[in-house]
Engineer: 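Got a structure here, written out as structure tokens. Questions coming.
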2 protein chains.
Amino acid sequence: MTKPAAPAFGRPLTTVDVVILTIRAEALQVLLVQRPRQPGEPFPGQWALPGGFVDIERDQDLQGCALRKLAEKTGVDSPYLEQVGSWGSATRDPRGWSTTHVYMALLADATLAPQKGGNAADLRWAPVEGDGVSVPLAFDHADLLGAALGRVRGKTEYTSLPAHLLPPDFTLGELQHVYELVLGRPLEKKAFRTRMLAAGLLEELGTLKDTGRRPASLYRLREQSGLVYFTRSFEQRERA
Amino acid sequence: MTKPAAPAFGRPLTTVDVVILTIRAEALQVLLVQRPRQPGEPFPGQWALPGGFVDIERDQDLQGCALRKLAEKTGVDSPYLEQVGSWGSATRDPRGWSTTHVYMALLADATLAPQKGGNAADLRWAPVEGDGVSVPLAFDHADLLGAALGRVRGKTEYTSLPAHLLPPDFTLGELQHVYELVLGRPLEKKAFRTRMLAAGLLEELGTLKDTGRRPASLYRLREQSGLVYFTRSFEQRERA
DNA sequence: GGAATAGTGTCTCTAAGACAATATATG
DNA sequence: CATATATTGTCTTAGAGACACTATTCC
């Protein structure tokens with residue numbers, strides 16, 4: 001049996017799924033879409049990660065496909081976007097051998113287009129609880145979500161990643177709070193501030209944030225867009 | 001225009017490529033295969049990463065496909081295997097919109113089947129130089145290789161990953177030497193030994209390695225197969 | 001002044017960097 | 001003993017953990 005150079009038949013299905021994360025209501029939340037109820041659609045009416053088939057007419061590449069799906073659901077077009085990995089097997093989709101390329105996008109809640117990402121009946125934000133969400137997800141999306149959450153939490157230990165969950169201007173207190181929400185544990189204030197300021201990833205803006213009491217300095221990420229890697233992880237504290 | 005639930009046409013090609021790494025001749029080396037010269041094959045005669053189309057009849061999942069390709073080329077069936085990521089675009093393969101799922105496998109040189117992985121005319125080991133190899137690679141394989149090398153070097157800074165490039169029993173000196181080959185810089189002997197022993201990832205065997213002079217203690221990875229993550233990176237030393 | 005949040009001082013502790021010193025094998 | 005490699009001792013240093021203290025705002 002000879003192997004065809006480019007098999008015309010027997011090609012797996014190719015999809016892209018996007019784990020869209022933000023901070024809302026004091027919690028890390030993920031955007032879910034409801035599966036259509038048309039006949040022939042698998043998992044009708046169930047919640048799933050936004051995603052779908054690669055459109056080889058419209059999509060130039062996988063990242064472009066992920067950005068398209070993100071923009072369709074949220075209106076956001078330049079988030080922090082990172083590939084999580086790919087999954088593929090004979091059984092993960094009842095329609096046949098299928099693969100998915102999983103991306104995760106981090107956004108600030110405030111950057112969401114107001115009419116999108118929350119009002120449509122087939123869209124909802126679900127708070128992250130442990131390794132997933134409280135509703136069951138279609139396909140193997142619970143696995144994909146778990147992997148993305150593992151990635152976010154892992155990188156939160158030693159990179160500036162969570163800064164991308166905030167609007168451009170933020171205080172050190174807000175930044176620390178996001179780290180704590182993602183990690184699910186408190187961090188030492190002094191060590192946190194020292195690390196962030198020593199890393200040189202922030203620029204201090206002249207202005208202050210006028211909250212109830214003493215105003216805090218505002219900071220912004222320096223022009224670089226990428227992540228800053230710290231040489232140490234946050235260490236586990238004894239007293240939770 | 002309605003979107004079909006499972007597009008019968010317009011499916012991208014789906015391949016898996018494997019970056020197979022080992023230490024030979026005092027260098028990190030990667031296994032390359034020569035592209036076939038049959039008409040219709042892209043990049044005839046050029047060197048490439050081992051890989052090919054997912055066979056939906058034989059492969060249960062992507063990792064199984066990667067393991068199959070690894071075994072075909074090297075005879076090894078249980079290496080350290082990790083997914084690097086996936087690539088896909090309209091232009092990366094002249095035959096059409098294509099995706100590839102990239103895995104990397106780390107092996108000990110000694111575990112290679114002797115008749116494979118080196119003697120066949122269409123297989124060769126190429127030493128890693130900088131971010132790639134000295135020969136040009138087919139497709140976008142230079143990018144894929146670069147990503148895998150970045151992953152290996154990154155994880156070498158803060159995990160036990162390079163231990164999987166050695167045979168089961170090794171000395172701390174050999175382990176440090178592998179770290180240094182991967183990173184391309186010397187490490188402090190005392191700090192290295194303290195870190196490795198404190199991490200509790202090794203078990204000391206009673207026996208010693210009989211080399212020319214004073215014999216060294218032999219160690220073996222504890223039963224766990226996974227990686228151990230250190231809480232600090234190796235830091236850059238001033239004097240190279 | 002009281003409350004609340006922002007920001008600092010300072011002590012301890014761990015593990016890395018530097019590098020010298022000692023230990024154990026062969027010839 | 002000379003030599004080579006293995007292994008340990010020890011001093012310094014950077015940065016995290018702990019936590020108390022000061023600073024600035026509104027009321």
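Per chain, numbering begins at 1; letters A, B, ... match sequence-line order.
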Engineer: When you match B/Thr194 and B/Pro215 each to their closest nucleotide on DNA chain C, which lands nearer the 5' end?
Structural biologist: B/Thr194

Engineer: Under the rule for side chain to side chain contact (heavy atoms under 4.5 Å, CB included), what residues qualify as partners of A/Glu180, not counting sequence neighbours?
Structural biologist: A/Gln176, A/His177, A/Pro186, A/Leu187

Engineer: Of B/Arg232 and B/Gly173, whose nearest nucleotide on DNA chain D comes first from the 5' end?
Structural biologist: B/Gly173

Engineer: Just to confirm, is there a sub-4.0 Å distance from OP1 or OP2 of D/dG15 to any side-chain nitrogen or oxygen of A/Thr231?
Structural biologist: no

Engineer: Which protein N or O atoms sit under 3.5 Å from an N or O of nucleotides 20-23 of chain D?
Structural biologist:
| unit_1 | atom_1 | unit_2 | atom_2 | d |
| --- | --- | --- | --- | --- |
| D/dA23 | N3 | A/Arg214 | NH1 | 2.6 |

Engineer: Between atom CZ in B/Arg193 and atom P in D/dG9, what is the gap in whole Å?
Structural biologist: 12 Å

Engineer: Suppose we screen for side chain to side chain donor-acceptor pair (under 3.5 Å). Which residues come up paired with A/Ser78, at least two apart in sequence or across chains?
Structural biologist: none

Engineer: Whether the side chain of B/Arg213 and the base of C/dT24 hold a donor-acceptor pair under 3.5 Å is what I'd like checked.
Structural biologist: no

Engineer: Could you list the donor-acceptor pairs under 3.5 angstrom formed by side chains in residues 132-139 of chain B, with sequence neighbours left out?
Structural biologist:
none

Engineer: Please report, rounded to the nearest Å, how far the P atom of D/dA16 is from the CD atom of A/Glu157.
Structural biologist: 13 Å

Engineer: For A/Leu175 and C/dT5, give me the distance from atom CG to atom P, rounded to whole Å.
Structural biologist: 18 Å

Engineer: Can you check whether B/Arg195 has a side-chain N or O nearer than 4.0 Å to OP1 or OP2 of C/dA16?
Structural biologist: yes

Engineer: Taking the six-membered ring of B/Trp47, is the NZ or CZ of B/Arg124 close enough (under 6.0 Å from the centre) and on axis enough (within 45°)?
Structural biologist: yes

Engineer: Quickly work out the A/His177 NE2 to C/dG7 P distance and round it to whole Å.
Structural biologist: 16 Å

Engineer: Name all residues meeting the side chain to side chain contact (heavy atoms under 4.5 Å, CB included) criterion together with B/Gln63; count only those two or more places apart in sequence or in a different chain, and write none if there are none.
Structural biologist: B/Asp61, B/Leu67, B/Leu81, B/Tyr103

Engineer: Please list, chain by chain and in numerical order, all residues satisfying ring pair (Phe, Tyr, Trp, His ring centres under 6.0 Å) with B/Tyr179, sequence neighbours excluded.
Structural biologist: B/Phe192, B/Phe234

Engineer: How long is the line joining CG of A/Leu197 and P of C/dG7, in whole Å?
Structural biologist: 9 Å

Engineer: Expressed as a whole number of angstroms, how long is the span from A/Phe192:CZ to D/dG15:P?
Structural biologist: 16 Å

Engineer: For a side-chain contact (heavy atoms from CB on, under 4.5 Å) with B/Leu149, tell me which candidate from B/Val182, B/Leu144, B/Val19, B/Val128 qualifies.
Structural biologist: B/Val128

Engineer: What is the distance, to the nearest angstrom, from the CD atom on A/Glu188 to the P atom on C/dC13?
Structural biologist: 15 Å

Engineer: Could you state the atom-to-atom distance from CG of B/Leu187 to P of C/dA18 in whole Å?
Structural biologist: 11 Å

Engineer: Below 4.0 angstrom from OP1 or OP2 of D/dA6, is there any side-chain N or O of B/Ser217?
Structural biologist: no

